[in-house]
Amino acid sequence: MADCLFCKIAEGTIPSTKVYEDENVLAFRDIEPQAPEHIIIIPKNHIASANEITAENSAVIAKIYEVAAKLAKELGFADKGYRIVNNCGEDGGQTVGHIHFHLLAGRNLQWPPG
Ligand code: 5GP
Ligand code: ZN
């Protein structure tokens with residue numbers, strides 16, 4: 001989609017530090033990490049937010065969780081623990097209008113979030 005930051009990262013027209021890529025999913029390091037490990041996982045196809053998940057496109061969301069589990073093992077924080085976060089809409093704190101999942105690890109994460 002034109003003028004979508006994460007579509008451009010998925011296409012490679014904006015560079016990113018990739019940690020995983022396949023036909024449908026891309027994972028890359030967050031530019032402003034909030035934890036020692038902070039990875040963004042996205043579907044390559046544009047889905048605006050969690051509001052737009054349907055029976056037709058939800059398979060890629062399952063794949064994103066599969067990729068998160070794989071990365072947690074590969075990067076060595078699976079046993080210690082981590083958090084997967086999706087911010088949706090204004091009150092959810094979503095700032096990029098292409099659905100993405102934050103994979104956060106490497107420190108004791110607090111609850112509840114602010
Ligand atoms: P949100 O606030 O929408 O849940 O998360 C957006 C995330 O994207 C933020 O954590 C922000 O640091 C990250 N981000 C914004 N622009 C870029 C960018 O150009 N490159 C990378 N790698 N991350 C970005
Ligand atoms: Zn997009």
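Just so you know, ligand 1 is whichever comes first in the structure, and atom 1 is the first atom listed for that ligand.
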| request: Given side-chain contact (heavy atoms from CB on, under 4.5 Å), test Leu71 with Glu74 step by step and report yes or no. | output: CA-CA 5 Å; Leu71 287 171; Glu74 281 178 7; 4.1 Å; yes
| note | The residue among Leu109, Leu104, Leu103 that forms side-chain contact (heavy atoms from CB on, under 4.5 Å) with Tyr82 is Leu103
| query | Hey, is CG on Asn45 packed in by over 12 heavy atoms from elsewhere, all under 6.0 Å? | reply | no
| said: If you count every heavy atom of other residues, nucleotides or ligands that lies below 6.0 Å from Asp22 atom CG, does the total exceed 12? | reply: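 For Asp22, atom CG is crowded (more than 12 foreign heavy atoms under 6.0 Å).
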| Which protein non-hydrogen atom lies closest to atom 9 (C) of ligand 1, naming both residue and atom, and how far is it? | Asp30 OD2, 3.3 Å
| Which protein heavy atom lies closest to atom 15 (C) of ligand 1, and at what distance to 0.1 Å? |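 Scanning the protein heavy atoms, the shortest distance from atom 15 (C) of ligand 1 goes to Leu5 CD2, 4.0 Å.
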| remark: In short, Pro36 meets Gly106 closest at the heavy-atom pair CG-O, 3.3 Å
| remark: Taking every heavy atom of His100 against every heavy atom of His98, the minimum-distance pair comes out as ND1-O, 2.7 Å
| request: Please step through side-chain contact (heavy atoms from CB on, under 4.5 Å) for the pair Phe101 and Ile61, ending with a clear verdict. | output: CA-CA 9 Å; Phe101 294 78; Ile61 306 300; 4.1 Å; yes
| query | Relative to the Zn ion (ligand 2), how many protein N, O or S atoms have a separation of less than 2.8 Å? | reply |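 Step by step: take the Zn ion (ligand 2), keep protein N, O, S below 2.8 Å, and you get 4.
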| query | Can you tell me how far CD of Glu90 sits from OG1 of Thr95, rounded to the nearest 0.5 angstrom? | reply |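 Answer for the OG1-CD pair, Thr95 versus Glu90, is 12.0 Å.
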| request: Report the distance from atom CG of Leu26 to atom CD1 of Ile64, rounding to the nearest 0.5 Å. | output: 10.0 Å
Could you say whether the N/O atoms of [X] and ligand 1 ever approach to under 3.5 Å?
X: Phe28; answer: no
X: Val96; answer: yes
X: Phe6; answer: no
X: His38; answer: no
X: Ser16; answer: no
X: Thr95; answer: yes

| request: Could you tell me whether a side-chain N or O of Gln94 sits under 3.5 Å from a main-chain N or O of Ala48, the two making a donor and an acceptor? | output: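 Checking the backbone N and O of Ala48 against the side chain of Gln94, a donor-acceptor pair under 3.5 Å is found.
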| request: May I ask you to identify, for Ile31, whether its side chain, its backbone, both or neither come under 4.0 Å of ligand 1 on a heavy-atom basis? | output: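 Ile31 to ligand 1: contacts from backbone and side chain alike.
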Could you tell me which atoms of ligand 1, counted from 1 in the order shown, lie closer than 4.0 angstrom to a heavy atom of [X]?
X: His102; value: 1 (P), 4 (O), 5 (O), 7 (C), 10 (O)
X: Ile9; value: 20 (N)
X: Glu32; value: 12 (O)

| said: Let's go through Arg107 and Glu37 carefully: what are the C-alpha distance in whole Å and the side-chain angles of both, what is the deciding distance for salt bridge (charged side-chain N to carboxylate O under 4.0 Å, His left out) to 0.1 Å, and is it a yes or a no? | reply: CA-CA 9 Å; Arg107 68 173 170 84; Glu37 298 278 9; over 6 Å; no
| From CA spacing to verdict: side-chain contact (heavy atoms from CB on, under 4.5 Å), Arg83, His102 | CA-CA 8 Å; Arg83 188 171 293 166; His102 300 257; over 6 Å; no
| field | Identity of the nearest option to atom 6 (C) of ligand 1, non-hydrogen atoms only, from Lys8, Lys18, Arg29, His100 | value | His100
